[in-house]
> 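The structure follows.
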Amino acid sequence: MTFDKTNNTYVNLGMKVRDLPEGHDRSDRLAAMARAMEEDHPALGVYFEEQRQTLGEVMQDAIDKAQGMNLAPKGV
């Protein structure tokens, strides 16, 4: 959906839009940004992909680490 009713209407974009090329490197952030800025032929697909832990995994790691520590005050 677009709110720019001058040039980038759905009909106009439908004639120009294409899939990202097969060889597009999804791990290259700069290449992804360059492709995203192309106005002449907008592309659909995954521009950039980065594998990282989910919030739940990060939280569980913190819990596991805290449980492994001796948190009792010293001298008690």
Side-chain angles (χ1 to χ4, degrees):
M1 172 167 215
T2 179
F3 295 100
D4 178 2
K5 300 300 180 197
T6 55
N7 261 343
N8 293 327
T9 64
Y10 183 77
V11 173
N12 290 340
L13 287 175
M15 292 187 290
K16 294 194 264 183
V17 92
R18 60 177 166 61
D19 289 332
L20 279 170
E22 266 313 302
H24 173 69
D25 182 5
R26 295 193 267 182
S27 66
D28 186 345
R29 186 185 310 256
L30 291 177
M33 291 298 292
R35 285 214 183 264
M37 299 301 290
E38 292 175 358
E39 293 183 15
D40 55 336
H41 288 94
L44 299 175
V46 178
Y47 283 81
F48 179 73
E49 183 175 44
E50 180 179 57
Q51 297 294 323
R52 2 181 235 177
Q53 288 183 304
T54 65
L55 177 60
E57 292 167 340
V58 170
M59 299 287 286
Q60 189 61 53
D61 286 350
I63 291 168
D64 294 344
K65 185 176 179 182
Q67 287 175 342
M69 295 178 169
N70 183 2
L71 299 178
K74 294 189 183 220
V76 176

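In this chain, numbering begins with 1 at the start of the sequence shown. These numbers come from a predicted model, not from an experiment.
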> Return the minimal non-hydrogen interatomic distance between His24 and Ala32, and the atom names on each side.
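Nearest pair, atom of His24 first, then Ala32: CE1-CA, 4.2 Å.
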
> For Asp28 versus Phe48, what's the shortest heavy-atom pair and its separation?
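The answer is C-CD1, 4.0 Å.
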
> Mind listing the closest non-hydrogen atom pair of Leu20 and Val46 along with its distance?
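In this case the closest contact between Leu20 and Val46 is CD1-O, 3.3 Å.
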
> In Å, rounded to the nearest 0.5 Å, how long is the span from CG of Leu55 to CD of Gln60?
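Separation between the atoms: 11.5 Å.
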
> Heavy atoms only: give me the nearest Asp61-Gln53 pair and the separation to one decimal.
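The pair with the smallest heavy-atom distance is OD2-NE2, 2.6 Å.
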
> Compare every heavy atom of Ala43 with every heavy atom of Asp19, then report the nearest pair and how far apart it is.
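Reported closest heavy-atom pair: C-CB, 4.3 Å.
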
